[in-house]
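What follows is one structure encoded as structure tokens, with my remarks underneath.
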Amino acid sequence: MLNIGQRKTFQDPLFRFAGSDPQTLHPNPVGSRNTTMNGIKPSADTDSTASRESGEKDNGEIDAADPPAAMVKEETDLDGNAQGQPPQGQADVDGDGDGDGDGDDELAEKYKDKGNELFKQNHFIHAEEEYSRAIDASTPTNPNLHIYYSNRSFTQLRLENYGSAIIDAEKAIDLKANFTKAYYRRGCAYMCLQKWKDALKDFQAVTKMGGGLDADAAARLKECQKQVREQKFAEAISIDRTKPASETVDPMSIEVDASYKGPHYRSGSIDKEFFHQLTEYIKTPGNVLHRRYAYMMVLDIIRLLRTVPTLVRVDLQPQEEFTICGDVHGQYYDMLNIFKINGPPSETNPYLFNGDFVDRGSFSVEVILALFAGKLLYPNHFHLARGNHEAQSMNRMYGFHGEVIKKYDEKLYDLCTEAFNLLPLAHVINNKILVVHGGLFSKDGVKLSDIASIDRNREPPDEGLMVELLWSDPQKLDGRAPSKRGVGVAFGPDVTERFLKENNLDLLVRSHEMKEEGYEEECNGKLVTVFSAPNYCDQMGNKGAFMRIKGNNLKPRYTQFDAVEHPPVRAMEYATPFLNMLGGGGAGGGGGMMNMLRKGG
């Protein structure tokens, strides 16, 4: 466990609220004013987003500096006058702003001040905890209560808990209807969820209340207007059916120049020599597999994945070993290090890569071509599962799309998207271990047969089993809670135990979250998170890990490893510039990358 000085956060915008039935979300028994939707307090670990706050400044309210790329070096306003402050020169006995000396509000102010100091030091997880304490300690008439909710909303933005950021901002607005910063923070959260129309309303409110003088809010308003127009245009020209990319490309029409010195791919006849040549050739900066061969490989993987079920069953012999890897996120050289440590894939050394192959890291093209080659070479011993980043909404923001366009073209990206839609969602090993990318569901009673029957050949929907498999996270408390990510669900140990029992399983293995040690066991060892991207995004300092099991006992064994050097191309190099507006450190704005995540995303 990291100490306070080591904690970091990471940026991973989430795009939709999972439409979970609120009645399936059971309240947190702790129950206090430090609760959110349906009285549920989500758990306090995850990611980050930033924004410059506009308009008024209040007592103890944090005000981040512009531009967003400078968000590492925050300026804060902790001493401005707020409604309820005693006149200058008048003693405030308990420090709560109203001079009544009731004690609770004095304690609340101390918690808030501590939260502000932690926030300024980028210790967002601990800042959130202090703001929560301030809220719990407050009397209902505390004139600064809206500030505590607003500050916690800003912290939730930094932790990338967009659903919780919206709820806290709304509470601040309920307490003070003209509080522009709450509208601003809610608007930023809506932007990160790509809920453009909702964000548009909030930034319209901010600019109106501020007299149109806030340039930052105006820029966000303009971006929202642009996105709404583009949405309407896309809807207007959309048609029900279009030909898939695999039916519109002809690789053989692409000539291979005599100057090309890389490996040559032969459709249907891949061998170990090609796999070795490919992984070594593209390891050298500037070397890319020829476009003809890249097309051919992805077309072949599409044909192969069409034959693979949504839920894949893997049967291990008693002495057979099996390796499970978590998120790789475009960190090609760290993935090669796994093969160096653990041995290359083969029929006697099978692998499962559990989603999030691409985005963030700037060698996603190399990763996906190597993984596709491994699957083509060993279709029954090299397994690939879909993660939440194998989706267009993520790829267009977090770098895979930009990287493919830079190294190849739009057609290859379209082919990869088609392949991603065909990736299986779950694997069951010896009928006892379920492996999924994210987690479990917003309702009980889900059977393996329900997972197997999911129509996976599409972009992830807004709700339902598919999106929850890809996005959900475990929590420490029993029951369920709205996901602080804003999509999927948080599920407790009791949910895990019921699901395993109902499906006659012993273990749930998932990825999706960065872990400091590369893996983490929860629920008395019945749930394991495996994360295989060390020093995530060149920022986090975490270890990577992979997990091995043997057919005769299925007991997990973990291997941890550190990051290796890679060519001097920064993480998020190909991400959309839109992330810069939110402080995400996309192409051209590395400052926001200092606020990266605890969740893999």
Side-chain angles (χ1 to χ4, degrees), residues 270-272 275-276 304-305 307-328 335 337-355 371 373-386 423-437 439-440 446-452 469 496-511 515 517-532 544-561:
I270 187 172
D271 55 22
K272 288 188 288 186
F275 182 81
H276 175 74
L304 173 59
L305 291 175
T307 70
V308 176
T310 298
L311 185 147
V312 177
R313 292 188 178 271
V314 178
D315 296 317
L316 302 181
Q317 297 302 310
Q319 298 304 312
E320 187 175 5
E321 301 224 4
F322 189 84
T323 301
I324 300 172
C325 299
D327 302 37
V328 175
M335 186 182 77
N337 192 37
I338 294 175
F339 296 149
K340 181 179 179 180
I341 296 168
N342 194 56
S346 70
E347 292 182 351
T348 59
N349 191 29
Y351 279 85
L352 165 58
F353 281 83
N354 194 30
L371 291 178
K375 181 65 179 176
L376 290 167
L377 179 58
Y378 301 111
N380 298 315
H381 297 86
F382 194 88
H383 303 277
L384 303 176
R386 190 173 190 175
L423 287 166
L425 302 178
H427 291 74
V428 175
I429 303 171
N430 283 20
N431 297 316
K432 288 299 180 181
I433 299 176
L434 175 67
V435 186
V436 300
H437 179 72
L440 297 180
V446 176
K447 304 295 185 183
L448 294 181
S449 57
D450 297 318
I451 298 174
L469 279 170
T496 300
E497 291 189 10
R498 282 197 303 273
F499 176 84
L500 293 175
K501 184 177 180 180
E502 290 171 359
N503 287 280
N504 195 28
L505 297 166
D506 294 335
L507 178 65
L508 174 65
V509 179
R510 41 94 62 181
S511 302
K515 297 298 180 182
E517 298 301 318
Y519 73 96
E520 182 175 88
E521 292 186 341
E522 300 178 66
C523 192
N524 296 318
K526 295 181 179 179
L527 184 150
V528 175
T529 299
V530 181
F531 192 81
S532 301
F546 55 84
M547 168 182 159
R548 283 177 69 86
I549 54 175
K550 197 170 184 178
N552 59 0
N553 59 30
L554 300 180
K555 291 183 179 179
R557 307 188 315 277
Y558 308 99
T559 299
Q560 297 170 293
F561 58 97

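FYI, side chains are in, hydrogens and waters are out, and symmetry mates aren't considered; it's all heavy atoms of this structure. Residues take their numbers from the sequence shown, with the count starting at 1. Keep in mind that this is a model prediction, so the values were computed, not measured.
The main-chain N or O of Val446 is found under 3.5 Å from a side-chain atom of Asn503 such that the two form a donor-acceptor pair. A donor-acceptor pair under 3.5 Å is absent between the side-chain atoms of Thr529 and the main chain of Ser511, judged by distance alone. The closest donor-acceptor contact from the side chain of Gln560 to the backbone of Gly518 lies at 3.5 Å or more, if one exists at all.
Contacts of Arg548 classified as salt bridge (Lys or Arg N to Asp or Glu O under 4.0 Å), with partners at least two apart in sequence or in another chain: Glu321. A search for side chain to side chain contact (heavy atoms under 4.5 Å, CB included) contacts involving Asn553 returns Lys550, Lys555, not counting sequence neighbours.
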Does the pair Lys447 and Glu502 meet the rule for a side-chain contact (heavy atoms from CB on, under 4.5 Å), with working shown? CA-CA 8 Å; Lys447 304 295 185 183; Glu502 290 171 359; 3.8 Å; yes
Report the C-alpha separation of Gln319 and Asn552 in whole Å, then their side-chain angles, then the decisive distance to 0.1 Å, and conclude whether the side-chain contact (heavy atoms from CB on, under 4.5 Å) test is met. CA-CA 6 Å; Gln319 298 304 312; Asn552 59 0; 3.6 Å; yes
Would Tyr351 and Phe339 satisfy ring-ring contact (aromatic ring centres under 6.0 Å, His included), going step by step from the backbone distance to the final call? CA-CA 10 Å; Tyr351 279 85; Phe339 296 149; 5.3 Å; yes
Given the rule in the side-chain contact (heavy atoms from CB on, under 4.5 Å) test, do Glu521 and Tyr558 qualify, once you have shown the distances and angles that lead to the verdict? CA-CA 11 Å; Glu521 292 186 341; Tyr558 308 99; 2.7 Å; yes
Any chance you could lay out the side-chain contact (heavy atoms from CB on, under 4.5 Å) test for Leu384 and Leu371, step after step, and finish with the verdict? CA-CA 8 Å; Leu384 303 176; Leu371 291 178; 4.1 Å; yes
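Smallest separation of non-hydrogen atoms from Glu517 and Ala545: O-CB, 4.2 Å. Nearest heavy atoms, Glu520 versus Glu522: OE1-OE2, 3.3 Å. When every heavy atom of Ile451 is checked against every heavy atom of Ala426, the shortest pair comes out as CG2-CB, 3.9 Å. The shortest heavy-atom contact between Pro424 and Val308 is CG-CG1, 4.0 Å. Scanning both residues, His381 and Glu320, for their nearest heavy atoms gives CD2-OE2, 4.4 Å. Closest approach of Leu434 and Leu448 over heavy atoms only: CD1-CD2, 4.2 Å.
Between atom CG of residue Leu305 and atom NZ of residue Lys375 there is a gap of 7.0 Å, rounded to the nearest 0.5 Å. One finds the OG1 atom of Thr496 at 9.5 Å from the NZ atom of Lys526 (value rounded to the nearest 0.5 Å). The distance from the CG atom of Leu500 to the SG atom of Cys523 is 7.0 Å, given to the nearest 0.5 Å. Atom CG of Leu423 is separated from atom NE2 of His383 by 13.0 Å, given to the nearest 0.5 angstrom. The SG atom of Cys325 sits 8.0 Å away from atom CG of Leu352, with the distance rounded to the nearest 0.5 Å. Remark: Asn337 CG to Phe561 CZ distance equals 6.5 Å, nearest 0.5 Å.
Between Ile429 and the choices Leu507, Ile324, Leu505, the side-chain contact (heavy atoms from CB on, under 4.5 Å) rule is met once, by Ile324. The only option from Phe275, Phe353, Phe322 that meets the ring pair (Phe, Tyr, Trp, His ring centres under 6.0 Å) definition with Phe382 turns out to be Phe353.
Annotation for Lys340: atom NZ does not count as buried by contact number, only 12 or fewer foreign heavy atoms lying within 6.0 Å.
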Using residues 309-318 as the side-chain source, report each donor-acceptor pair under 3.5 Å to any protein atom, sequence neighbours left out, with the distance given to one decimal.
residue : atom : partner : partner atom : Å
Thr310  : OG1  : Ile454  : O            : 3.3
Thr310  : OG1  : Arg456  : NH1          : 3.0
Arg313  : NH1  : Asn431  : OD1          : 2.9

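Contact annotation: the side chain of Asn342 never approaches that of Thr559 to less than 4.5 Å [non-hydrogen atoms, C-beta and beyond].
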